[in-house]
Amino acid sequence: MSDVELAEALRVAIGDFVRRARAGDRMPAGQAAVLGHLDRAGAVSIAELARREQVRHQSMTRTVHLLHDQGFVALKPHETDRRQVVVEISDEGRAALAGERRHRAAGIAEAIQHDLDEGEREVVRRIPEILAKLQPRQ
């Protein structure tokens with residue numbers, strides 16, 4: 001198998017894995033992604049969230065308001081530009097995101113325990129480190 005064929009097989013396998021891992025999600029993917037950004041980066045404007053998620057500002061505004069209605073984010077005016085709204089994850093949002101992450105990880109852990117032998121589990125233990133090294137060159 002050539003490096004290009006290996007890369008394509010890896011891309012397909014990772015995509016399939018992510019889709020299967022998300023199949024049991026209880027929170028819509030777009031909302032979870034926004035909460036993840038806010039959890040990692042802190043408070044940002046709706047415009048910045050839209051840029052990070054590569055969606056239109058109007059779509060992000062809708063997502064943010066859905067999260068706000070659930071109590072998962074707080075909205076406040078931008079310090080210097082009152083036309084902008086800054087979005088900040090709330091304690092409830094952080095708890096919901098943590099619960100979603102635990103739920104997804106538990107499903108993966110169960111599959112590791114029941115579907116893999118010890119040799120395969122040893123290989124899987126190295127995957128996060130290896131994937132961290134596989135950054136596509138631009």
Side-chain angles (χ1 to χ4, degrees):
M1 179 181 288
S2 74
D3 286 349
V4 172
E5 291 168 328
L6 176 59
E8 177 60 12
L10 183 60
R11 186 194 64 75
V12 169
I14 290 171
D16 289 346
F17 174 80
V18 168
R19 279 187 288 286
R20 286 192 309 272
R22 287 182 175 167
D25 285 0
R26 300 166 294 190
M27 181 183 295
Q31 292 180 27
V34 169
L35 290 178
H37 281 302
L38 295 172
D39 187 47
R40 288 185 301 275
V44 296
S45 69
I46 291 176
E48 179 60 24
L49 282 171
R51 276 191 293 280
R52 289 180 185 188
E53 279 296 297
Q54 299 178 348
V55 299
R56 292 187 356 247
H57 189 279
Q58 295 86 344
S59 298
M60 185 54 67
T61 299
R62 182 172 171 264
T63 299
V64 165
H65 285 291
L66 288 169
L67 290 167
H68 183 259
D69 291 347
Q70 296 171 78
F72 293 164
V73 298
L75 306 176
K76 56 186 178 185
H78 191 277
E79 289 180 9
T80 58
D81 184 352
R82 297 294 178 189
R83 297 169 297 169
Q84 290 193 42
V85 174
V86 174
V87 186
E88 184 174 42
I89 191 169
S90 67
D91 290 341
E92 293 84 1
R94 198 168 274 110
L97 180 62
E100 194 68 21
R101 288 172 173 165
R102 279 192 308 272
H103 176 73
R104 190 180 293 169
I108 296 167
E110 184 176 342
I112 290 170
Q113 286 178 334
H114 297 291
D115 299 337
L116 302 181
D117 63 32
E118 186 53 41
E120 290 168 325
R121 283 193 289 277
E122 198 53 45
V123 170
V124 168
R125 285 183 185 94
R126 298 200 55 225
I127 289 174
E129 173 190 342
I130 293 168
L131 287 177
K133 293 178 181 180
L134 287 179
Q135 299 301 318
R137 292 190 166 90
Q138 303 294 330

Exercise. Is Arg94 close to Leu97 at the side-chain level, that is, under 4.5 Å between some pair of heavy atoms?
Worked result: no

For this session: Evaluate the side-chain proximity of Met60 to Arg56: yes if any heavy-atom separation is below 4.5 Å, no if none is.
Result: no

Exercise. Counting distance only, does the side-chain N/O of Arg26 pair as donor-acceptor with the main-chain N or O of Gly99 below 3.5 Å?
Worked result: yes

Exercise. Take atom CD in Glu79; do more than 12 heavy atoms of anything else shown fall under 6.0 Å from it?
Worked result: no

Exercise. Does the side chain of Arg52 come within less than 4.5 Å of Val44's, by heavy atoms?
Worked result: yes

For this session: Search all heavy atoms of Ala96 against all heavy atoms of Met27 and return the closest pair with its distance.
Result: CB-CE, 3.8 Å

Exercise. Do Thr63 and Gln31 touch side chain to side chain, with heavy atoms closer than 4.5 Å?
Worked result: yes

Exercise. Given the rule that I, L, V, M, F, W and Y join up when any side-chain heavy atoms are under 4.5 Å apart, are Leu6 and Leu134 in one cluster?
Worked result: no

Exercise. Looking at Asp39 and Arg101, does any basic side-chain N land under 4.0 Å from a carboxylate oxygen?
Worked result: yes

Exercise. Donor-acceptor pair, Glu5 side chain versus Ser2 backbone, under 3.5 Å?
Worked result: yes

Exercise. So, do Leu38 and Glu88 sit near enough that their side-chain heavy atoms are less than 4.5 Å apart?
Worked result: no

For this session: Answer yes or no: is there a donor N or O on one side and an acceptor on the other, between the side chain of Thr61 and the main chain of His57, under 3.5 Å?
Result: yes

Exercise. Salt bridge or not for Arg126 and Glu122, using N-O below 4.0 Å?
Worked result: no

Exercise. Looking at side-chain heavy atoms only, is the closest gap between Val73 and Leu35 below 4.5 Å?
Worked result: yes

Exercise. For Asp117, does its backbone N or O pair with a side-chain atom of Glu120 as donor and acceptor, under 3.5 Å?
Worked result: yes

Exercise. Are Arg51 and Gln54 close enough that some pair of their side-chain heavy atoms sits under 4.5 Å apart?
Worked result: no

For this session: Would you indicate whether the side-chain heavy atoms of Leu66 and Phe72 approach each other to under 4.5 Å?
Result: no

